[in-house]
Amino acid sequence: MALVLTNALLVDFDPVGVEAGALRIEGGVIAARGNVTAEVNDEVADCGGAVVLPGMVNGHTHLYSALAVGMPPPAEAPENFREILERVWWRLDQALDAESIEMSARIGAINALRCGTTTLIDHHASPNYIGGSLDLIERAIRDVGLRGVLCYETTDRHGVEGRHAGLDENRRYLDRCERAPDGRFAGLVGAHASFTVEDETLGQLAELAADFETGVHIHVAEDPCDEEECQEEHQMFLIDRLVSHKLLKPGSVFAHCTHLDPEAMARVGGSGVTIAHNPRSNMNNGVGYTPVATVRGPIMLGTDGIGSDMLAEAKAAWFMSRHEHAGLTPMHIADMLAESARRASRALGVTLGGLAIGAVADVVITDYVPSTPMTPENVAGHLLFGVGSEHVTDVLVGGEWVLRDGQIESCDEANTCRSAGDVASALWDRMADID
Ligand SMILES: [Zn+2]
């Protein structure tokens, strides 16, 4: 039996477009589009002339931060980026145990689903529970019904033992995904940032990426401290350090790149590396604006752990670019949504980000009926000033209903949130005990 969505305004990101019509979904993929007639046994859903979007992709997130909402602030307020890491996030990640890792991922996935985000490119850290942590995250995302591209952020912050555990977890997970590819989950090689990894570690990360023909997902120049510490410790520019260890290559994901100089930015742009732009996080940390308009290479959109509302992130990317007089157009922002889907598609071996025939049926139905003309030329304007996650009513992943009439089909959302409250309290208590 097929599902036919009728009377829809079909929006695509790659390339950006809109077309009134219907979709036929069968076998987990888009089987037909346009003038589709339902057959006798087909399930039919009338979209009422509202916008239907492809499931969105969060290009860089940290699901482990989902239980940080409302967390007590540190005793002493951080005054710079490094202190934000030391007093907030590096205490949180140390306090994570199996239960809180899985629950964070479950809540993060539920929040994503409600925003029409169906694939999460995650970057995970839990130094006191490394081995098996990616399986816990996968289980939570899978239970909610979404897709994931996962990695463990390898670092030398916890000595050689911690480094090896991080590398091993990446290798184990990549191997598992490679042995049983299902289009739902894949791995990348994760690393925290240049300033917390030794030369030997960078070499091992590159080897691992080469073994699995993939890239390294790493924070780059989020704050000036990354470049400064590289020059102090290694007597070279950050970009040269990354090049010398073979991280600047297609497949790698560099999150932020906020403080690379124009020459370094040009090298990243020409290398095939995908930059993940996270404007709300950059504002939240007060680290500045990534000069995305100068990059001649792929730039995708991520949230860096501030939920997974990609339409809100797109709006923030637009407003921040206007504030910075960056010279972007709405189409540039729409293309960042498309780029997140392209990167995840390559990792997962499926087609995301569009509603074309053959794409997997990750489909977001909204109640947004445009009150102004919507054309292929102005779709991006509607994404930035019209449709938002508040309009998401139904979501399909791989052709299966995951959110239906505003209700999550895959789990008891209210019960999960209540249980998460207890897990979060215990997590915050453990954090308070960490120096
Ligand atoms: Zn990040």
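Counting starts at 1 for both ligands and their atoms, following the listed order. In what follows, every heavy atom counts, from backbone to side chain, and hydrogens, waters and symmetry copies are set aside.
Between the side chains of Thr393 and His391, not a single donor N or O lies within less than 3.5 Å of an accepting N or O. Side-chain atoms of Arg114 and Asn111 include no donor-acceptor pair closer than 3.5 Å.
Within Asp304, the N, O or S atom lying nearest to the Zn ion (ligand 1) carries the name OD1.
Taking the six-membered ring for Trp and thresholds of 30 and 60 degrees, His62 and Tyr64 have ring planes inclined between 30 and 60 degrees apart. Using bins of under 30°, 30° to 60° and over 60° for the plane-to-plane angle, the ring pair His60/His123 lands in the tilted bin.
Among the backbone and side-chain atoms of Glu222, none of the N, O or S atoms lies under 2.8 Å from the Zn ion (ligand 1). Within the 2.8 Å limit, His256 places no N, O or S atom next to the Zn ion (ligand 1).
Rounding to 10 degrees, one finds that the Zn ion (ligand 1) sits at the corner of an angle of 100° between His62 NE2 and His219 NE2.
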